[in-house]
Amino acid sequence: MFFVVLWGVNKRVKMTSLLNKLSDIVGQAFESEGLDKAFGRVGVSDRPDLAQFQCNGAMAAAKAAKKNPRAVAESIVPKLQANLMFSKVEIAGPGFINLTLTDLELGKYISSISADQRCGVDKISKSETILLDYGGPNVAKPMHVGHLRSSIIGDSIRRILKFSGHNTIGDIHMGDWGTQMGMMISELQLVHPDWVYFDESFTGEYPSESPVTMDDLEEIYPRVSALCKTDETRLELSRAATVDLQNKRPGYHALWKHFVTISLQSMKRNFSALNVHFDLWKGETDVHDLISPMVDDLTKRSYAVKDDGATVVHIKKNDDNKEYPPLILYKRDGGVLYGTTDLATIVERIKNYNPSRILYIVDKRQSLHFEQVFRAAKLTGIAPESLELTHLGYGTMNGSDGKPFKTRSGGVLKLEDLIAMGHEKAMQRLEEAQAAQDLSQDEKDDIASKVAIAAIKFADLQNSFSADYIFDLDRMTSFEGKTGPYLLYQAVRIKSLLDKAGYKQNPQITIKPDDAGRNVILTLIELPQVIDIAARNYTPHVLCDHTYKLAQAFSSFYGNTHILSESDEVKKQGWLEISHMVLCQLELLLDLVGIKIPDRM
RNA sequence: GUCUCCGUAGCUCAGUUGGAUAGAGCACAAGUUUCCUAAACUUGGGGCCGCAGGUUCAAUUCCUGCCGGAGACGCCA
């Protein structure tokens with residue numbers, strides 16, 4: 001396979017990443033020995049002291065062909081040694097093939113992508129429409145740290161898939177139709193029976209101004225919710241109000257609209273601060289009108305049946321080794337549950353967007369629920385077999401005691417308060433460092449916000465999302481070591497460096513790797529693989545890990561090399577070019593996890 | 001009771017279809033600033049990868065059992 005080097009951003013053609021190119025070359029060597037090409041997969045070396053790259057395929061191939069792994073490697077290696085790209089090809093241990101490129105080859109490759117806007121990362125060959133369901137805040141409930149995970153993980157996966165070339169649709173899917181609404185409404189009715197919203201004979205216009213504030217709602221919900229847990233009659237009252245609301249009783253509906261309006265303001269403020277984006281701001285309510293026809297249809301086709309007063313879909317399969325409770329469509333009292341709305345939402349999403357995948361970024365404790373919904377959707381033919389329905393369940397935020405995180409006073413930590421704490425700390429650090437002293441207060445505020453969000457997001461996203469993790473406030477707002485602010489800091493230093501150097505991008509430049517910059521270059525070339533892995537497995541933490549590795553490689557290079565005072569102009573320009581590429585990749589990688597970089601800090 | 005997930009350094013976490021000497025941050029110890037932002041860099045100590053078997057040339061990774069932790073299990077979301 002020929003590697004086409006084209007200069008300039010406008011003439012961009014499909015670029016093969018260096019690791020793919022090497023895999024291809026080694027794969028051909030395997031193929032010529034009658035072995036599967038796939039064994040030629042090349043990765044970055046685990047032993048940088050021995051080589052830059054390695055291929056473990058000889059051992060796997062030997063197993064498949066029942067041969068000696070070393071003998072297989074020995075048949076492959078001479079073919080590679082004949083290739084002038086490599087300065088060194090060796091067999092090590094049981095049959096590792098160790099590869100090192102010539103600096104000329106490395107320089108050629110890195111120069112070829114130096115001006116590329118996508119940092120040498122190709123779009124995937126076939127684009128799909130992927131709908132992501134994340135965020136899921138509840139109307140009338142305050143957003144707390146528990147909402148952090150769904151929002152930032154979902155948003156990051158959306159960004160990664162979009163960058164990879166997919167058509168992505170992020171839907172917030174608000175919880176705006178459940179029993180918590182009935183709780184709020186019934187409580188207000190108990191306290192203010194005289195309100196016009198509760199006068200069933202009233203036929204006029206309801207007030208346009210909400211009678212309650214977000215603060216009121218935040219106070220009422222936890223109180224009534226706790227009450228309903230112990231008081232059965234109070235719960236019944238809430239359920240009845242919920243059913244009435246779902247049947248669109250005018251006064252209740254008007255009141256509910258107020259809840260939504262004031263909650264939306266609060267949500268938008270929170271998500272904007274977090275730099276989390278949604279394409280759709282839909283909620284459970286939006287599918288309400290689809291429910292009754294859906295259930296009628298399922299009843300007609302005998303999937304929906306009456307069971308103990310409720311209307312359910314049985315989802316057991318014969319080869320199950322596990323009990324599956326049925327999906328309940330209508331409760332005994334006629335109310336609908338979130339399983340009903342989730343199923344109807346699949347109907348709506350297929351009709352409106354026809355996605356090939358729907359990803360749900362929701363607490364992993366709801367995995368049974370999603371399994372029920374997915375089974376029901378596939379079983380009844382609501383969703384075609386080809387539609388990928390995946391629940392990406394994230395773990396619980398625990399406190400240091402291993403139990404779900406609570407503040408010292410026993411309450412939930414509001415998202416706004418967490419952000420405010422990070423902001424305050426960042427501001428403090430800014431003063432200490434005496435950085436940005438010439439900037440206005442607004443500009444400093446902007447920097448502190450970016451630092452705080454970077455700290456919070458990176459602290460969370462660097463964990464693999466499926467595991468529970470210990471929420472540590474100090475760690476969340478820490479700025480040293482493997483943190484968001486460290487990454488920002490490296491990017492800011494590069495900006496400052498390029499600025500001082502009067503750097504202008506030169507697409508014609510040929511970078512010559514040297515001992516100082518080689519490690520940085522080797523890290524830069526890993527990008528396409530890293531993004532591919534993150535996109536295929538929906539794992540933002542892989543990006544976080546690599547971003548840190550890149551920043552660290554640069555920081556080490558920067559600390560040991562004085563770039564601006566370098567008298568060898570060719571060397572200096574090469575270093576600046578590398579620095580610029582690091583900045584571009586940091587910007588890209590941080591953007592994929594939803595982190596913005598300030599110009600100074 | 002059944003099922004799911006987890007157990008890796010003092011703490012918080014990585015470890016990519018089984019591969020070489022299991023990595024990082026924090027914490028701890030020692031260095032580095034007449035020079036591009038020290039929110040940084042360099043170096044060091046730290047590990048029966050929960051335990052016991054099994055499969056394999058090779059197991060933190062796959063299988064089985066046990067111990068320990070978390071969670072879910074029809075009318076909340």
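Atoms considered below: every heavy atom in the structure, side chains included; atoms not considered: hydrogens, waters and symmetry mates.
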> Rounded to the Å, how far apart are H369(A) NE2 and rC3(B) P?
Replying inline: 23 Å
> What does L337(A) touch in the nucleic acid at a heavy-atom separation under 4.0 angstrom: a base, only the sugar-phosphate, or nothing?
Replying inline: sugar-phosphate
>> The side chain of R365(A) is closest to which nucleotide in this list: rA72(B), rC76(B), rA14(B)?
In response: rA72(B)
> Considering only side-chain heavy atoms of K331(A), which listed nucleotide, rA40(B), rU56(B), rC76(B), is closest?
Replying inline: rC76(B)
> NA contact type, A310(A), heavy-atom cut-off 4.0 Å: base, sugar-phosphate, or nothing?
Replying inline: base
> How is I563(A) classified with respect to the nucleic acid when contacts are heavy atoms under 4.0 Å: base, sugar-phosphate, or nothing?
Replying inline: base
> Among rU37(B), rG25(B), rA40(B), which is the nearest nucleotide to the side chain of Y548(A)?
Replying inline: rG25(B)
> To the side chain of D46(A), which of rU16(B), rC75(B), rC3(B) is closest?
Replying inline: rU16(B)
> Rounded to whole angstroms, how far apart are CG on D363(A) and P on rC76(B)?
Replying inline: 19 Å
>> Ring of F479(A), cation from R429(A) - is the NZ or CZ under 6.0 Å from the centre and inside 45° of the axis?
In response: no
> Using a cut-off of 4.0 Å on non-hydrogen atoms, how would the nucleic acid contact of K63(A) be classed: base, sugar-phosphate, or nothing?
Replying inline: base
> Given that H314(A) and N138(A) both sit by RNA chain B, which one's nearest nucleotide is further toward the 5' end?
Replying inline: H314(A)
>> Using a heavy-atom cut-off of 4.0 Å across all strands, would you classify S556(A) as base, sugar-phosphate, or nothing?
In response: sugar-phosphate
>> I want to verify a distance call: between rU56(B), rU42(B), rU37(B), whose nearest atom is closest to the S496(A) side chain?
In response: rU37(B)
>> Between rC36(B) and H562(A), is there a base-stacking contact, meaning the centre of the base's six-membered ring lies under 5.5 Å from the residue's ring centre while the planes stay under 30° apart?
In response: yes
>> Once you apply a heavy-atom cut-off of 4.0 Å, does I533(A) come out as touching a base, just sugar-phosphate, or nothing?
In response: base
> Any Lys/Arg nitrogen of R600(A) or D438(A) sitting under 4.0 Å from an Asp/Glu carboxylate oxygen of the other?
Replying inline: yes
> At under 4.0 Å between heavy atoms, what does G481(A) touch on the DNA or RNA strands: base, sugar-phosphate, or nothing?
Replying inline: sugar-phosphate
> Any N or O donor-acceptor pair linking the side chain of D307(A) to the base of rG74(B) at under 3.5 Å?
Replying inline: yes
>> Let's see if you can work this out: which of rU12(B), rA72(B), rA77(B) has an atom nearest to the side-chain heavy atoms of R475(A)?
In response: rU12(B)
> NA contact type, V312(A), heavy-atom cut-off 4.0 Å: base, sugar-phosphate, or nothing?
Replying inline: base
> Roughly how many Å is it from OH in Y469(A) to P in rA70(B), rounded to a whole number?
Replying inline: 19 Å
> Does a side-chain N-to-carboxylate-O contact under 4.0 Å join K571(A) and D514(A)?
Replying inline: no
> When the C1' atoms of rC13(B) and rG7(B) are considered, how many whole Å apart are they?
Replying inline: 13 Å
> When the distance from CG of L430(A) to P of rA39(B) is rounded to whole Å, what number comes out?
Replying inline: 11 Å
> Within the structure shown, what part of the strands sits under 4.0 Å from D460(A) by heavy-atom distance: base, sugar-phosphate, or nothing?
Replying inline: nothing
> Hey, are R365(A) and D363(A) close enough for a salt bridge, meaning a charged N less than 4.0 Å from a carboxylate O?
Replying inline: yes
>> Taking only the C1' atom of each, what is the distance from rC28(B) to rU12(B) in whole angstrom?
In response: 16 Å
>> If I take atom CZ in residue F471(A) and atom P in nucleotide rC26(B), what distance separates them, rounded to the nearest angstrom?
In response: 20 Å
> Would you say a side-chain N or O of T396(A) is under 4.0 Å from OP1 or OP2 of rG71(B)?
Replying inline: no
>> Run the salt bridge (charged side-chain N to carboxylate O under 4.0 Å, His left out) test against E371(A) and tell me which residues pass, sequence neighbours left out.
In response: K322(A)
> Could you give the CD1-to-C1' distance, from I597(A) to rA39(B), as a whole number of Å?
Replying inline: 15 Å
> Expressed in whole Å, how much space separates the C1' atoms belonging to rA29(B) and rC66(B)?
Replying inline: 41 Å
>> In this structure, how many angstroms lie between the P atom of rC41(B) and the OH atom of Y558(A), rounded?
In response: 12 Å
>> Quick check for you: among rA20(B), rC36(B), rA39(B), whose closest atom lies nearest to any side-chain atom of P485(A)?
In response: rA39(B)
>> Between R223(A) and E187(A), does any NZ, NE, NH1 or NH2 come within less than 4.0 Å of an OD or OE carboxylate oxygen?
In response: yes
> Is the phosphate of rC41(B), meaning OP1 or OP2, less than 4.0 Å from a side-chain N or O of S555(A)?
Replying inline: yes
>> Any N or O donor-acceptor pair under 3.5 Å from the base of rA20(B) to the side chain of N56(A)?
In response: no
> Are the aromatic rings of F465(A) and Y394(A) close, with centres under 6.0 Å apart?
Replying inline: no
>> We want to know whether R493(A) and S555(A) form a side-chain donor-acceptor pair, criterion being a heavy-atom distance below 3.5 angstrom.
In response: yes
>> Does R600(A) reach a base, just sugar-phosphate, or nothing at all? Heavy atoms under 4.0 Å.
In response: base
> Y486(A) side chain N/O closer than 4.0 Å to the phosphate oxygens (OP1, OP2) of rC41(B)?
Replying inline: yes
> E480(A) near the nucleic acid: base, sugar-phosphate alone, or nothing, with a heavy-atom cut-off under 4.0 Å?
Replying inline: sugar-phosphate
> Among rA20(B), rA38(B), rG25(B), which nucleotide sits nearest the side chain of Q552(A)?
Replying inline: rG25(B)
> G178(A) near the nucleic acid: base, sugar-phosphate alone, or nothing, with a heavy-atom cut-off under 4.0 Å?
Replying inline: sugar-phosphate
>> Checking contacts here: which listed nucleotide (rU42(B), rC75(B), rU56(B)) is nearest the side-chain heavy atoms of N560(A)?
In response: rU42(B)
> Between rA14(B), rU16(B), rU37(B), which nucleotide has the shortest distance from any of its atoms to the side chain of S464(A)?
Replying inline: rA14(B)
> For the residue pair Y486(A) and Y548(A), is the inter-centroid distance of their aromatic rings smaller than 6.0 Å?
Replying inline: yes
>> Stem list for RNA chain B, please, built from Watson-Crick and G-U wobble pairs under 3.5 Å and keeping only runs of at least 3.
In response: B:1-7 with B:67-73, B:10-13 with B:23-26, B:28-32 with B:40-44, B:50-54 with B:62-66
>> For rU16(B) and H546(A) - does any side-chain N or O of the residue sit under 4.0 Å from the phosphate oxygens OP1/OP2?
In response: no
> Is Y489(A) touching bases, backbone alone, or none of the nucleic acid, heavy atoms closer than 4.0 Å?
Replying inline: base
>> Between D532(A) and R536(A), does any NZ, NE, NH1 or NH2 come within less than 4.0 Å of an OD or OE carboxylate oxygen?
In response: yes
> Ignoring hydrogens and angles, are the base of rC75(B) and the side chain of D333(A) linked by a donor-acceptor pair under 3.5 Å?
Replying inline: no
>> Just the rounded figure in Å: distance from P of rC11(B) to CG of N463(A).
In response: 16 Å
> Does anything in residues 461-471 of chain A pair up under side chain to side chain donor-acceptor pair (under 3.5 Å), and if so which pairs, sequence neighbours excluded?
Replying inline: K364(A)-D468(A), D460(A)-Y469(A)
>> Quick check on RNA chain B: between K482(A) and R41(A), whose nearest nucleotide comes earlier from the 5' end?
In response: R41(A)
> Is L50(A) touching bases, backbone alone, or none of the nucleic acid, heavy atoms closer than 4.0 Å?
Replying inline: base
>> With a cut-off of less than 4.0 Å, is there a side-chain N or O of R239(A) near OP1 or OP2 of rC76(B)?
In response: yes
> Taking the six-membered ring where the residue is Trp, are the ring centres of H173(A) and Y134(A) under 6.0 Å apart?
Replying inline: no
> Is there a donor and acceptor pair, one atom on the side chain of Q54(A) and one on the base of rA20(B), closer than 3.5 Å?
Replying inline: yes
